[in-house]
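Presented below is the structure to which this report refers.
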Amino acid sequence: MAETDSTPTHFIREIMLADKASGKHGGRVHTRFPPEPNGYLHVGHAKSIHINFGLAEEFGGKCNLRFDDTNPSKEEQEYVDAIIEDVKWLGGDFGNRIFYASDYFQQIYDWAVDLIKKGKAYVCDLTSEQVRETRGTLTDAGTNSPYRDRSVEENLDLFTRMKNGEFPDGSRTLRAKIDMASPNLNMRDPVMYRILRAEHHRTGNDWCIYPMYDWAHGQCDSIEGITHSICTLEFEDHRPLYDWFVENLGIFHPQQIEFDRLNLTYTVMSKRKLLKLVQDGLVQGWDDPRMPTLSGMRRRGYSPQGLRNFARNLGVGKTNGITEFEKLEYYIREDLNKTALRVMTVLKPLKLVLTNYPEGQVEQLEAINNPEDPSAGKRTVPFSRELWIEQDDFREVPPKGYHRLYPGNEARLRYGYIIKCNDVIKDPVTGEVTEIHCTYDAATRSGGESRKVKSTIHWVSAAQAVPVQVNLYDKLFNVENPNVTPEGQDFTVHLNPNSLTTVQAWAEPDLAKAKPGDRYQFERLAYFCADKTSTPEKLVFNRTVELRDTWAKVQKKG
RNA sequence: UGGGAGGUCGUCUAAUGGUAAGACUGCAGACUCUGGAUCUGCGUAUCGGGGUUCGAGUCCCUGCCUCCCAGCCA
């Protein structure tokens with residue numbers, strides 16, 4: 001995961017550098033990546049993974065993968081499995097250090113007893129509504145719970161009975177005794193445990209009380225000897241509570257550090273919203289290639305290296321911003337350009353006949369697999385009298401600046417010959433162009449003598465072409481920030497109805513050997529990735545990201 | 001209106017009292033058997049007002065704006 005080139009430093013690295021210099025924690029750096037298994041990981045997590053695993057590696061430390069599984073009503077094993085796969089795929093090295101908050105339930109319980117004995121926690125009989133009512137407001141102090149001053153003995157007894165299942169769900173809580181007048185609402189006697197009878201994906205029905213995030217997280221960090229507990233900005237207000245717990249317990253004190261989460265234009269990043277897209281069938285699952293999930297991006301063809309480069313170049317700060325989607329695409333293209341094999345595929349076919357080319361003749365032309373990487377080698381492409389070319393590469397009436405094929409004009413067939421367009425065949429009824437007739441110049445075969453022509457187009461020999469189903473993906477949303485919605489409507493109103501178009505295409509025969517997950521560049525078009533459902537009998541490709549298209553830009557401007 | 005955190009090109013990030021820099025985007029051009037890639041050039045920024053200082057994006061005061069917090073979610 002180490003990156004070689006220089007990137008600007010950031011405040012978290014500075015903190016670690018300072019801690020190392022001062023000998024804090026013996027100069028040790030140990031981080032953790034703590035997802036809740038209630039959904040799939042998304043690009044935002046890629047940033048967090050990069051920070052936590054990257055910094056640990058950089059400082060010669062470790063980063064644990066820890067599941068924050070303190071709420072069994074939302075968490076599932078499916079998510080655990082998917083998260084592990086995604087972190088590995090991105091290159092996060094957690095060795096055998098997969099931990100769960102639930103591993104520590106007993107210890108956390110014992111510590112709660114500790115706090116009760118110290119008079120710093122109490123069992124509260126208020127209902128959740130009453131707790132809310134007595135919490136006060138942003139401007140007014142809360143009021144003490146009438147159960148706040150129970151004796152240690154009574155608290156111990158009640159808490160034991162809570163654990164033993166003597167009380168119904170929601171009837172009681174264990175709360176920290178801090179300060180109901182604190183301007184920080186998190187300090188107004190926060191709930192530590194709630195009674196909740198739900199089967200836990202790991203502990204089954206062993207427990208009917210579960211610790212809240214605030215009561216569990218820092219303690220888990222402490223148990224694992226985490227030195228720097230990195231989380232997102234919304235937890236800044238929780239830091240005093242985080243500190244209060246470890247201090248009052250007198251246990252190892254990790255430092256919580258907050259950074260700004262990633263936001264991307266044209267995408268939603270909240271797990272709640274992503275879940276809705278999946279549950280409402282608005283996409284075809286968590287790994288739908290249009291999803292900003294890591295599994296969706298993987299299926300779409302994004303490479304781990306491209307994602308890492310992106311994450312590294314984001315920087316780490318504390319400002320709430322929104323990164324342009326184009327930046328992500330840039331780093332994906334940059335990596336794919338270096339690694340993806342080139343191949344010719346025609347998405348919108350138009351028949352082209354070389355009238356002076358011998359019928360039945362087939363030549364094998366040599367083509368370069370990746371001009372950016374000589375070690376990728378070469379392949380051959382069959383060439384014959386009848387070809388498919390892209391509809392966009394022919395215009396009966398060329399617009400200004402167009403220098404592909406049009407009547408009377410010459411163009412080169414990639415890796416083949418220079419051809420000249422002579423005739424246009426149209427459907428007598430519709431007037432639609434059905435075929436174009438050209439002649440080829442036998443002296444101009446690729447590699448031999450040449451003369452300048454203004455454009456080179458891709459093609460596929462009709463007789464040898466293999467059919468491919470191609471999924472053309474576009475942005476899932478059609479506005480920069482789908483979270484901003486008109487009154488009474490939700491983010492789904494911004495769904496792009498054209499985010500998926502499927503076409504049948506013709507590809508050169510070499511593509512038939514593609515395995516699911518293989519990434520290619522269909523020359524002059526875009527990068528594509530063989531879908532997980534693709535087989536040699538039925539090839540399916542997903543468009544990852546388009547090539548930059550200068551001509552399209554020129555046209556758009558008119 | 002309490003508390004917390006922020007505000008530098010269109011976007012993201014640097015500059016740690018000393019020439020406001022880079023990346024993405026945009027625009028223009030070169031090159032090209034991918035209108036790809038590559039290369040070159042151009043453009044736009046310190047939230048406002050005071051102050052300290054030889055010198056302020058940075059320090060002080062003051063105002064403004066944005067985000068987060070009133071789950072027995074994380």
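Sequence lines set the chain letters: A, B, ... in the order given, protein chains first and strands last, and positions in each chain run from 1.
Of the candidates G35(B), U34(B), C73(B), the closest approach to any side-chain atom of Arg414(A) belongs to U34(B).
Cation-pi geometry between Arg66(A) and Phe99(A) is not met: the NZ or CZ atom fails to fall both under 6.0 Å from the ring centre and inside 45° of the normal. The cationic atom of Arg202(A) (NZ for Lys, CZ for Arg) lies less than 6.0 Å from the six-membered ring centre of Tyr100(A) and within 45° of the ring axis.
Rounded to an integer number of Å, the gap from CG of Leu17(A) to P of U16(B) is 16 Å. Rounded to whole Å, atom P of G3(B) lies 11 Å from atom CG of Leu138(A). Taking atom CG of residue Asn483(A) and atom P of nucleotide C67(B), one finds them 12 Å apart after rounding to whole Å.
A heavy atom lying under 4.0 Å from RNA chain B marks the following residues of residues 179-195 of chain A, by number: Pro183(A), Leu185(A), Val191(A), Arg194(A). Listed by residue number, Asp68(A), Thr70(A), Asn71(A), Lys74(A) are the residues of residues 65-78 of chain A with a heavy-atom contact under 4.0 Å to RNA chain B.
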Under 3.5 Å, which protein N or O atoms sit close to an N or O of nucleotides 42-45 of chain B? Give each pair with its distance.
none

Report all interatomic pairs (protein N or O, nucleotide N or O of nucleotides 5-9 of chain B) with separations under 3.5 Å.
unit_1, atom_1, unit_2, atom_2, d
A5(B), O4', Glu236(A), OE1, 3.3
A5(B), O2', Glu236(A), OE1, 3.4
A5(B), O2', Glu236(A), OE2, 3.3

Each nucleotide N or O in nucleotides 22-25 of chain B that has a protein N or O under 3.5 Å away: list the pair and distance.
unit_1, atom_1, unit_2, atom_2, d
A23(B), O2', Tyr331(A), OH, 3.0
A23(B), N3, Lys327(A), NZ, 3.4
C24(B), OP1, Tyr330(A), OH, 2.9

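Around the NZ atom of Lys454(A), the shell of radius 6.0 Å holds no more than 12 heavy atoms that belong to other residues, nucleotides or ligands.
Applying the 90° criterion around 0 to the glycosidic angle, G71(B) comes out syn.
Classified by interplanar angle (parallel below 30°, tilted 30° to 60°, perpendicular above 60°), the ring pair Phe235(A)/His238(A) is perpendicular.
A stacking contact between Tyr213(A) and A74(B) is absent: the pair does not combine a ring-centre distance of less than 5.5 Å to the base's six-membered ring with planes differing by less than 30°.
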Here RNA chain B, pairs taken as Watson-Crick or G-U under 3.5 Å and shown with ( ), [ ] when crossing and | when to another strand, reads .((((((..((((....[..)))).(((((.......)))))....(((((..]....))))))))))).....

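No donor-acceptor contact under 3.5 Å links the side chain of His10(A) to the base of A14(B). With hydrogens and angles ignored, no donor-acceptor pair under 3.5 angstrom links the side chain of Glu480(A) to the base of G10(B).
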